[in-house]
Enquirer: 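My questions will all concern the structure given below.
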4 protein chains.
Amino acid sequence: MTAYLAANIIQPMIEHSVKAEKTRRPTWRDEKAEERRLQLIDTALEVFARKGFDKTSVRELAAAAGVAQGLMYHYFKSKDKLLEAVVERHSFLPQLKSLLATLHNEPAAKVLKAVGRQFYDLLGQKESLMNIFFHETQSHPIVPRIWRGIMNEGISLFQNYLDERVKAGELRTHNTDVTARTLAYTIVLLRAGGVAFHQRTRPEAFIDQMVDNILSGIAA
Amino acid sequence: MTAYLAANIIQPMIEHSVKAEKTRRPTWRDEKAEERRLQLIDTALEVFARKGFDKTSVRELAAAAGVAQGLMYHYFKSKDKLLEAVVERHSFLPQLKSLLATLHNEPAAKVLKAVGRQFYDLLGQKESLMNIFFHETQSHPIVPRIWRGIMNEGISLFQNYLDERVKAGELRTHNTDVTARTLAYTIVLLRAGGVAFHQRTRPEAFIDQMVDNILSGIAA
Amino acid sequence: MTAYLAANIIQPMIEHSVKAEKTRRPTWRDEKAEERRLQLIDTALEVFARKGFDKTSVRELAAAAGVAQGLMYHYFKSKDKLLEAVVERHSFLPQLKSLLATLHNEPAAKVLKAVGRQFYDLLGQKESLMNIFFHETQSHPIVPRIWRGIMNEGISLFQNYLDERVKAGELRTHNTDVTARTLAYTIVLLRAGGVAFHQRTRPEAFIDQMVDNILSGIAA
Amino acid sequence: MTAYLAANIIQPMIEHSVKAEKTRRPTWRDEKAEERRLQLIDTALEVFARKGFDKTSVRELAAAAGVAQGLMYHYFKSKDKLLEAVVERHSFLPQLKSLLATLHNEPAAKVLKAVGRQFYDLLGQKESLMNIFFHETQSHPIVPRIWRGIMNEGISLFQNYLDERVKAGELRTHNTDVTARTLAYTIVLLRAGGVAFHQRTRPEAFIDQMVDNILSGIAA
DNA sequence: GATGAATGAGAATTCATTCAT
DNA sequence: CATGAATGAATTCTCATTCAT
């Protein structure tokens with residue numbers, strides 16, 4: 001029995017998502033559970049974005065999802081882990097990648113504006129997540145980690161594209177990292193600060209003109 | 001800056017302590033009290049920036065300042081009001097204004113890089129405040145209000161300068177709002193994201209090249 | 001012991017499972033169920049002894065036994081009832097009785113030491129149960145009831161033996177209750193406190209010398 | 001300010017009992033606070049003894065003491081620390097020592113019974129504490145530590161006395177550790193088990209006869 | 001001004017127990 | 001038999017705030 005105990009007590013915390021028992025096709029119950037899990041995550045995303053992580057109690061989250069508070073802890077070990085699940089699930093890295101995958105061998109003058117707008121739109125769709133990225137960075141290391149992952153990957157892909165255009169002779173030889181970041185950072189703050197700052201230029205027009213500026217320069 | 005202080009710091013102090021008998025020379029006691037008040041604000045700035053507002057208890061703030069918790073409530077009506085005092089006192093609008101005041105009639109090619117770097121440095125000096133701007137925006141309306149005030153004013157002044165240079169014929173006619181924001185936003189995220197994103201270019205060089213790009217364009 | 005088991009273990013099992021159709025030969029399923037029931041009890045004994053009743057959750061018990069929590073409630077109406085089942089099943093009264101049954105008409109000088117050591121060993125084998133006796137007495141009346149039953153019965157039998165030896169002229173006329181309890185109590189605490197107190201004398205030697213002292217006295 | 005912060009933040013937890021500020025004579029407020037502290041401890045002793053540590057909520061403790069729950073945490077860092085404070089404060093080691101200090105050079109035949117009874121009485125006065133010793137040993141290491149300290153010290157002193165009597169020629173040469181423990185352990189269980197076991201002999205008489213047995217032996 | 005004792009609401013988390021599958 | 005999702009009450013602990021001294 002000692003061996004038995006050892007095997008079962010040492011790691012009594014049951015991972016409920018990844019079933020330990022070999023690989024087994026998910027039963028109806030498992031599917032329901034996974035559905036519920038996602039529902040809880042999605043609800044949490046909205047509430048966290050709206051009220052902020054610290055200002056949201058687990059009781060509220062449960063109420064928003066229409067379940068008992070205790071159930072939250074059936075699905076997530078802690079409120080912190082729930083936040084992690086939220087940012088992991090809603091990371092828009094895939095969308096960003098596919099957005100940037102279409103670029104190859106297209107002339108910059110033609111696509112930069114389109115890509116800028118699409119990026120701006122993507123951030124708009126992910127407003128709740130952006131909110132979390134901006135506000136909950138400090139206490140939860142996973143939040144900046146995900147955010148960093150997205151930005152670094154996106155900028156890297158974007159830079160590759162710019163390098164191609166340099167090779168193709170469309171752009172002059174220059175530090176494409178700077179260009180990529182200038183465009184990306186500006187669009188991010190355009191979105192995040194959009195509510196905050198009195199922007200006089202509509203975002204789409206802003207992006208177009210920014211691209212023009214960077215392509216042709218503003219010197220007389 | 002003196003006017004600023006007078007309007008925002010002195011007045012709330014008087015309000016709670018000696019009930020301002022018209023205008024009266026500050027006594028020794030008043031000065032001591034003001035000193036203590038500022039000490040509490042400065043300590044709070046650091047602790048809030050490091051731990052976040054919600055994660056910081058009044059007890060901790062008091063301990064960090066070396067006073068009893070109760071004393072906090074002599075100087076600030078509530079923890080929220082303390083945060084307001086912090087962002088009000090440390091708003092760097094004055095510094096930003098004076099930074100931009102030197103620009104008039106200077107050629108853009110010469111000064112844009114310098115101004116960009118100075119702005120970047122200023123943000124660096126105000127790192128704690130930036131932290132608060134980014135993280136505590138949601139629950140405390142005064143935070144984004146101040147932040148907005150700084151950005152809008154700064155961009156407006158910067159834009160005025162750019163318009164001058166257009167008039168002077170140094171820059172071509174264009175939407176200077178876009179240029180101002182492109183530079184400002186990028187530098188802000190360069191600072192805020194500096195730790196987060198793997199930036200391959202050193203900030204000073206980055207700013208120089210960004211200015212070059214925007215002035216001359218990157219098209220071949 | 002069989003009678004004991006029949007009375008205490010078999011019956012509650014039947015009660016909850018197959019609703020005892022008179023007396024009926026146990027089927028294979030009944031046997032499996034009984035096996036499982038005993039496994040749950042035995043696991044619970046270990047875990048309760050190690051962690052304490054209150055500090056052990058049903059979830060942990062289930063995990064330790066390798067079953068789902070819900071199953072616990074098929075076999076035991078509540079966590080409290082499980083504890084009762086544990087102390088009932090592991091009561092070592094039968095062993096104690098058989099240990100004391102061998103004494104009759106044996107000379108005290110010869111057997112007291114042996115009996116003392118055997119009692120000490122028995123307590124050692126039942127360490128987990130002893131733990132429960134000592135720690136969970138308060139909240140669960142059945143615990144002290146069982147413990148009392150064992151002690152009272154044991155001491156009574158032991159006293160009978162001593163009375164015999166008095167009658168046989170081997171021991172002087174005296175209050176044998178006192179003697180029986182002195183030996184029994186001391187051995188119990190020797191065991192229970194063994195870990196706690198810095199005992200300078202090894203238990204076996206201790207028991208021998210204690211018996212010598214009581215038989216012959218320590219007066220010069 | 002950095003030094004300031006370092007000095008005050010690193011150890012923000014204020015020890016409230018031992019004032020850090022030099023040594024300063026206790027003010028009226030300090031005295032009130034200490035009184036309150038003791039009141040909370042004493043209340044806790046009773047309630048813990050009656051209901052058991054785990055079954056007692058901090059809410060109940062506060063109610064029993066007539067204060068707000070939050071105040072408990074002003075005086076004790078946690079419920080566990082409160083228990084530690086309880087056993088530390090009520091350790092009866094001093095009383096036990098003074099009880100045993102009177103023994104020197106007194107003849108054993110005369111004093112053993114008296115000391116036995118006094119020890120029994122002392123345990124009776126400390127019934128609540130004994131309860132805690134017996135029931136809360138497992139989860140709170142300080143409990144057995146204190147209990148061990150008392151027992152070891154007491155037995156050691158008692159043994160010294162017995163050794164003296166051996167040297168004085170009143171007792172025969174023998175392992176006095178065994179004698180000391182036999183008497184002590186039996187009295188402890190006499191007290192602790194008193195309620196539990198059907199003792200047929202009144203405690204005082206029991207102690208007298210036990211001492212007689214050990215001094216003179218029970219052999220015919 | 002300054003202290004820290006005192007309050008009570010509310011937070012995260014645990015847990016025995018039930019029950020549909 | 002067996003599972004584990006679901007419940008909701010209870011628990012420990014934190015914290016902003018007040019106030020007598």
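By convention in this document, chain letters (A, B, ...) are assigned in the order of the sequence lines, proteins followed by strands, and residues within each chain are numbered from 1. All of these numbers come straight from a predicted model, not from anything done at the bench.
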Enquirer: Could you pull out the closest heavy-atom pair between V86(D) and A44(D), with the gap in Å?
Expert: CG2-CB, 3.9 Å
Enquirer: Expressed as a whole number of angstroms, how long is the span from L82(D):CG to dC13(F):P?
Expert: 10 Å
Enquirer: Which nucleotide wins on minimum distance to the side chain of A68(C), given the candidates dT3(F), dA5(F), dA6(E)?
Expert: dT3(F)
Enquirer: Go through the N and O atoms of the side chain of H74(B) and the base of dA2(E), and report whether any donor-acceptor pair is under 3.5 Å.
Expert: yes
Enquirer: If you assign each of R29(D) and V67(A) to its closest nucleotide in DNA chain F, which residue comes earlier from the 5' end?
Expert: V67(A)
Enquirer: Reading 5' to 3' and counting Watson-Crick or G-U wobble pairs with both distances under 3.5 Å, write the dot-bracket notation for DNA chain E, | for bases paired outside the strand.
Expert: .||||||||||||||||||||
Enquirer: Expressed as a whole number of angstroms, how long is the span from E34(C):CD to dC1(F):C1'?
Expert: 15 Å
Enquirer: Does the E60(A) side chain pair with the main chain of S57(A), one donor and one acceptor, at a distance under 3.5 Å?
Expert: yes
Enquirer: If you round to the nearest 0.5 Å, how far is CG of L83(C) from CD of E136(C)?
Expert: 6.5 Å
Enquirer: When you compare the protein's N or O atoms with those of nucleotides 14-18 of chain F, which come within less than 3.5 Å of each other, and at what distance?
Expert:
{"from": "dA16(F)", "atom 1": "OP1", "to": "T56(B)", "atom 2": "O", "distance (Å)": "3.3"}
{"from": "dA16(F)", "atom 1": "OP1", "to": "K79(B)", "atom 2": "NZ", "distance (Å)": "2.6"}
{"from": "dA16(F)", "atom 1": "OP2", "to": "V58(B)", "atom 2": "N", "distance (Å)": "2.7"}
{"from": "dT17(F)", "atom 1": "OP2", "to": "Y73(B)", "atom 2": "OH", "distance (Å)": "3.0"}
{"from": "dT17(F)", "atom 1": "OP2", "to": "K79(B)", "atom 2": "N", "distance (Å)": "3.0"}
{"from": "dT17(F)", "atom 1": "O4", "to": "Q69(B)", "atom 2": "OE1", "distance (Å)": "3.0"}

Enquirer: Has the side chain of Q138(D) got a donor or acceptor atom that lies under 3.5 Å from a matching backbone atom of A49(C)?
Expert: yes
Enquirer: Rounding to an integer number of Å, can you tell me how far L40(A) CG sits from dT7(F) C1'?
Expert: 14 Å
Enquirer: Could you check how far CZ of R37(C) sits from P of dA2(F), rounded to whole Å?
Expert: 14 Å
Enquirer: Round to a whole Å and report the spacing from NZ of K51(C) to C1' of dT14(E).
Expert: 12 Å
Enquirer: Which whole-number value in Å describes the distance from L61(D) CG to dT11(F) P?
Expert: 11 Å
Enquirer: If I take atom CE in residue M72(C) and atom P in nucleotide dC1(F), what distance separates them, rounded to the nearest angstrom?
Expert: 15 Å
Enquirer: Has K55(B) got a side-chain atom pairing as donor or acceptor with R50(B)'s backbone, closer than 3.5 angstrom?
Expert: no
Enquirer: Do side-chain atoms of K79(B) reach the backbone of M72(B) as a donor and acceptor pair under 3.5 angstrom?
Expert: no
Enquirer: With under 30° as parallel and over 60° as perpendicular, where do the rings of F53(D) and F48(D) fit, or are they tilted in between?
Expert: tilted
Enquirer: From CG of L83(C) over to C1' of dA16(E), roughly how many Å is that when rounded to an integer?
Expert: 15 Å
Enquirer: Quick check for you: to the nearest 0.5 Å, what is the distance between L82(D) atom CG and L40(D) atom CG?
Expert: 7.5 Å
Enquirer: Tell me whether Q69(D) contacts the main-chain N or O of V58(D) through its side chain, where contact means a donor paired with an acceptor under 3.5 Å.
Expert: no
Enquirer: Under 4.0 Å: is that the gap between some side-chain N or O of R36(D) and OP1 or OP2 of dA6(E)?
Expert: yes
